[in-house]
2 protein chains.
Amino acid sequence: MKPLRADAVRNRERIADIARQLFREKGYDAVSMDEVAKSAGVGVGTLYRHFPTKEALYDAAIQAWVETVTAAADTALAGDGAPRDRLLAWFESYVEFLTRHKGAAWRITSALGDEGSPFAAKCRTYLNANQRVIDALAAEGALRGDVDAMQLCRLVGGVAAVVDNSELEPAAANAMLAVVADGVLAS
Amino acid sequence: MKPLRADAVRNRERIADIARQLFREKGYDAVSMDEVAKSAGVGVGTLYRHFPTKEALYDAAIQAWVETVTAAADTALAGDGAPRDRLLAWFESYVEFLTRHKGAAWRITSALGDEGSPFAAKCRTYLNANQRVIDALAAEGALRGDVDAMQLCRLVGGVAAVVDNSELEPAAANAMLAVVADGVLAS
DNA sequence: ACCTGAACACCGTTCAAGT
DNA sequence: ACCTGAACACCGTTCAAGT
């Protein structure tokens, strides 16, 4: 963890910023490393000095919004509605997070359980947030006993991936989330 | 629909056969068009003469097993178990179909609703099969009113894509399918 | 230390030249 | 009609050369 030179820090941040904008507008596949380098005004080599692969760069580019996901779980749970409503509120904000960058939902959901993935840290954050939700609702006896965080991450992540890919309306997304919620709540 | 010359027919079939084997062993991304051409003993140009894109070749390679999917729906429904068991039987065989070729589940599920996709015909087949299941179970009053075939295809296809990608055990797959089933059945 | 950009290996796809 | 395979455009990634 040695400190970076000031110019290197500046480069690293500008690269991540530019990459965030480009990935957000166009999606992962439609952005090339050359394009990021040119937009950031650096050589490709500098990209690879700071980020060993394109996926690592992507991970850095979408870092900021992941850090608020745990807070989002608490917000969703804080309401005084029925368990079903609070669970749906969480699902919807989870999907909203995952679809904020095109291509992220599938990429991150695919990385669940893969410790070697560049997204491993994000997966842990998501698993924790879902565990939080499960604990809270289970304490009220609202959930079936055999639901676990990994399963929820995969189910909701799968819905998010489909929603993202097919650019579905929120109504279609919510209908699918309602199915998952009803399948997970005690009947 | 003019008839092909005998040698062209032979080439087309051998290409599709070889491609099926290669795709099945390695998955879509890990097989290059050059590899298919070389394995089939033809030039790349011949590949493109018969199949305009790699996706079209893939579509042809995985054709055979799709044609039995409607029969599988009827088989699953034919049992005399509870609606939940028959629905699960269908889900499980649906996932088994979609995961038979690595990478197919996500590719096909992504193509749902896209008429221009090379997989459009397969999507229609899948939608029909799911509609068949919905009709049969709805006639018994076992389903919620607002379930439609597209939604089921997306939900179960999403599960299949995750199962395929993470190479999950059948037990994990079935647990997720149970959630979807319970979310879709009348409570 | 850090940066640059030509070069590499590998894609999917095209097309002029052959039979 | 059909086939061949060199060539093209475009990737992600590397590395020798510069400051």
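Below, chains carry the letters A, B, ... as their sequence lines are ordered, and counting in each starts from 1.
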**Q** Does anything in residues 14-39 of chain B come within less than 4.0 Å of DNA chain D? Heavy atoms only, and list the residues if so.
**A** none
**Q** Are the side chain of A:R144 and the backbone of A:L185 linked by a donor-acceptor contact shorter than 3.5 Å?
**A** yes
**Q** Reckon A:Y48 has a side-chain N or O less than 4.0 Å from the OP1 or OP2 of D:dT14?
**A** no
**Q** Answer yes or no: is there an ion pair linking B:R14 with B:D17, defined by an N-O contact shorter than 4.0 Å?
**A** no
**Q** Now, which nucleotide makes the Watson-Crick or G-U wobble pair with C:dC15, with each of the two distances under 3.5 Å?
**A** D:dG5
**Q** Report yes or no: does A:D164 contribute a side-chain atom to a donor-acceptor pair with the main-chain N or O of A:G103 at less than 3.5 Å?
**A** yes
**Q** Check this for me: does any side-chain nitrogen of one of B:R84 and B:D182 sit under 4.0 Å from a carboxylate oxygen of the other?
**A** yes
**Q** Could you give the NZ-to-P distance, from B:K54 to C:dT14, as a whole number of Å?
**A** 15 Å
**Q** Calculate the interatomic distance between B:R49 atom CZ and D:dC3 atom P; express it in whole Å.
**A** 6 Å
**Q** With both distances under 3.5 Å as the test, what is the Watson-Crick or G-U wobble partner of D:dC10?
**A** none
**Q** Considering just the side-chain nitrogens and oxygens of B:H50, establish if one lies under 4.0 Å of OP1 or OP2 belonging to D:dC3.
**A** yes
**Q** Could you pull out the closest heavy-atom pair between A:L98 and A:W65, with the gap in Å?
**A** N-CZ3, 4.1 Å
**Q** Check for me whether B:R107 meets the cation-pi criterion with B:F119, that is, NZ or CZ under 6.0 Å from the six-membered ring centre and within 45 degrees of the ring axis.
**A** no
